[in-house]
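It should be emphasised that the depicted structure is a prediction, and the values quoted were computed from it without experimental measurement.
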Amino acid sequence: MTTNASTRTIEIPRVLSVKDLGDLMGVSPVEVIKELMKNGVMASMNQVIDFDTAAIVAADMGFEAVEARAAQQAQVPVEAASARPAIDEDAANLAPRPPVVTIMGHVDHGKTSLLDAIRETKVTAGEAGGITQHIGAYQVQVGDHQITFLDTPGHEAFTAMRARGAQVTDVAVLVVAADDGVMPQTREAIDHAKAAGVPIVVALNKMDLENANPDRVKKELSDNGVVIEEWGGDVPLVPVSARTREGLQDLLENIIVVSDVLELKADPGRPAIAVVIEAELSKTRGPLATVLVKTGTLNVGDYVVVGETMGRVKAMLNESGKRIKSAGPSEPAEILGLQSVPRAGETLRVAPDEKTARTTVIERIREREAAAMRQQQRITLDTLFGEISAGKLKELNIILKTDVQGSIEPIRTSLERLSNEQVKVKIIHTGSGSITESDVMLAVASKGIIIAFNTGTEGGADRQAATEKVDIRHYSVIYNIVEDVDKALKGMLEPTFREVITAHAEVRQVFKVSRKNSIAGAYVRDGTIARSDSARVLRDGAQIAEGKLASLKRFQEDVREVTTNFECGIQVEGFDSFEVGDVIECYRTERET
């Protein structure tokens, strides 16, 4: 950083501490803090501020601020730790790379069995007999081609990584049991794959069973928007059996055909960019990370930056536990040498030297702190019109959860009719039952909102939504849903009250105190119940009653609140039909600021 005394111009990085700004201007940090306070910002000497804030303070103190050139700040891109890898490739150096495949589908439909069967029959030649270890991914050989499988089945892992910007999957294999058909998690997997824009190959598993009914499954897939090639669509369907190994070769060949259409390429000669598939702390070897190389070649000895940590690659292992010196595009490897354990989905980049790696990590930490200080919010109905007007939003993605399946279609139809020239209303996932953590992660990944009709939110999902700042709206009247979204699109939505889930309690006993009144003997599973709360009664995930708390007791005594892991007696106004197993979801409303 330099200061030009004649023009009083200073170069300021994107983020810096209050003390650093004072040093640049040659003034005491106390003077900087005073100027910040005049602008409504409370900060300490070591508080990190962004360029815009620093420029205002500098201008108030007689300096002209210019942003320091990126090249002077770091030679590794200072993306957010979770940002999608920004890859700038030279077309002349591109070469074909293997496809990366994720297995998705309903529980018990054979995802893991299919992965195991493929691994046992098609593991890369020359590695048979090695000590197989779980590193989260492996490669199989199909003729002259290779395929990389992510050994983390399930759309939850797939979407959790995509929510952090790591779109590592090229093809999704949807496993459907021929005897069971399309189930709720199958529909979720379809919606998650479509939201990611990933082509699907259907593996119709368990074809060896007597009660297999492929025609029924094909119709159910079509009803859920997956039209197979046999029916005039573009989705390959391959009958397989993980138990008898029937159809495995055909499945692999179809994956190769689909990936050929995608023309997957990467530059193996450039410094590597990779994505963390999974990571752990080993007692004997320290932080370990399994990475999948997106482009370039990762070598032992490279200095790397991963999220907010760094290190030098001391050793690399393949899926057979063998030491390797390098890993190219679409190749998985377990690496040793990082200073701390990174998160799954974070991007790894090779740095030119140790100093640049350290500078980049410091810059990223400051960037995150500055972003937290700005308290950037995700899309909500209240901020929707401003995003549309600024041209930042072209689609409003909605996850719709209802109490019963029959409510979905009329709400979907009504909302999709609200689309206009500026923004399209898109229902990317629907389902009946409570809002789950999977729903919240899909909302994060798609930058969408969640609308709940006559249904509640699971405790873990509610905490996840609060952490990720996902907008969840609860309604009991369809007209109100349509009206609110319509007003938000037109910029007419009034300031609203937001709902804060305070606790969940499980009914373990029911006490009749009179002919018309009963008390639920409940155990508080999470949160704190306050006497002033309102409550919903949920049975099998569906809401059956709602009202204010009529009483809250501990050992016959009225109390103001009851915390986690304690028992209490609860009455809800207007409801006395509690059953053992019911869940009482307590909440309060707060005015949006």
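H192 NE2 to M441 CE: the interatomic distance, rounded to the nearest 0.5 Å, is 10.0 Å. Atom CD1 of residue I427 and atom CG of residue L415 lie 4.5 Å apart, to the nearest 0.5 angstrom. The CG atom of D486 sits 9.0 Å away from atom OH of Y479, with the distance rounded to the nearest 0.5 Å. Distance check: Q464 CD to S438 OG gives 10.5 Å after rounding to the nearest 0.5 Å. Interatomic distance, T455 OG1 to D403 CG, rounded to the nearest 0.5 Å: 6.5 Å. In this structure, CE on M310 lies 5.0 Å from CD on Q339, to the nearest 0.5 angstrom.
In this structure, a donor-acceptor pair under 3.5 Å is present between the side chains of R97 and S330. For the residue pair D439/T436, the side-chain donor-acceptor check at 3.5 Å is satisfied. Counted by atom type alone, E546 and Y587 present one or more donor-acceptor pairs between their side chains at under 3.5 Å.
Across every non-hydrogen atom of G448 and V470, the tightest pair is O-CG1, 4.4 Å. Across every non-hydrogen atom of V305 and T360, the tightest pair is CG1-CG2, 4.1 Å. Nearest heavy atom pair, residue A333 against residue M316, reads CB-SD, 4.2 Å. A pairwise comparison of heavy atoms in E334 and L288 identifies OE2-CD1, 4.0 Å as the closest pair. What you find for S432 and V404 is that their closest heavy atoms are CB-C, 4.0 Å. In terms of heavy atoms, L338 sits closest to A289 at CD1-CB, 3.9 Å.
By the 4.5 Å heavy-atom criterion applied to side chains, L538 and Q543 are counted as neighbours. Between N454 and S407, every side-chain heavy-atom pair lies at or beyond the 4.5 Å cut-off. Between P236 and V258 there is a side-chain heavy-atom pair separated by less than 4.5 Å. For the pair V482 and R417, the minimum side-chain heavy-atom distance is 4.5 Å or more. I428 places a side-chain heavy atom less than 4.5 Å from the side chain of I399. P287 is listed as a side-chain neighbour of V341, based on a closest heavy-atom distance under 4.5 Å. Put simply, the side chain of I411 does not reach to within 4.5 Å of the side chain of T430, judged on heavy atoms. Counting heavy atoms from C-beta on, the side chains of Q139 and P332 come closer than 4.5 Å.
Although no hydrogens or angles enter the test, the distance criterion places a donor-acceptor pair under 3.5 Å between the side chain of D170 and the main chain of V100. Checked by atom type and distance alone, the side chain of K401 never pairs as donor or acceptor with a backbone atom of A452 at under 3.5 Å. Under the 3.5 Å distance criterion, the side-chain polar atoms of T295 are matched with a main-chain donor or acceptor of D267. Between the side chain of T309 and the backbone N or O of S340, at least one donor-acceptor pair lies under 3.5 Å. H504 contributes a side-chain N or O that, together with a main-chain N or O of T457, makes up a donor-acceptor pair within less than 3.5 Å. At least one donor-acceptor pair closer than 3.5 Å links the side chain of S419 to the backbone N or O of E416. Here the side chain of N397 pairs a donor or acceptor atom with the backbone of S446 at under 3.5 angstrom.
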- Message: Test side chain to side chain contact (heavy atoms under 4.5 Å, CB included) on V291 and V306; report intermediate values, then the result.
- Response: CA-CA 10 Å; V291 300; V306 191; over 6 Å; no
- Task: Starting from the C-alpha separation in whole Å, work towards a yes-or-no answer on side chain to side chain contact (heavy atoms under 4.5 Å, CB included) for L348 and I335.
- Result: CA-CA 11 Å; L348 174 148; I335 65 171; 3.7 Å; yes
- Query: How far apart are the C-alpha atoms of L442 and I450, what are their side-chain angles, what is the distance that settles it, and do they pass the side chain to side chain contact (heavy atoms under 4.5 Å, CB included) test?
  - Reply: CA-CA 10 Å; L442 180 55; I450 300 175; over 6 Å; no
- Worked check of side chain to side chain contact (heavy atoms under 4.5 Å, CB included) between V217 and V202: CA-CA 11 Å; V217 178; V202 177; 6.0 Å; no
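For the side chain to side chain contact (heavy atoms under 4.5 Å, CB included) test with F149, the passing option among T102, I255, L114 is I255; the others fail.
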Distance-only donor-acceptor pairs under 3.5 Å for side chains of residues 219-229, two or more places apart:
{"unit_1": "K219", "atom_1": "NZ", "unit_2": "D223", "atom_2": "OD2", "d": "3.0"}
{"unit_1": "E220", "atom_1": "OE1", "unit_2": "V182", "atom_2": "N", "d": "2.7"}
{"unit_1": "E220", "atom_1": "OE2", "unit_2": "R216", "atom_2": "NH1", "d": "3.0"}
{"unit_1": "N224", "atom_1": "ND2", "unit_2": "E220", "atom_2": "O", "d": "2.8"}

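Note on E585 versus R536: salt bridge recorded, some NZ/NE/NH1/NH2 to OD/OE distance being below 4.0 Å.
More than 12 heavy atoms of other shown residues, nucleotides or ligands fall within 6.0 angstrom of atom CG in D116.
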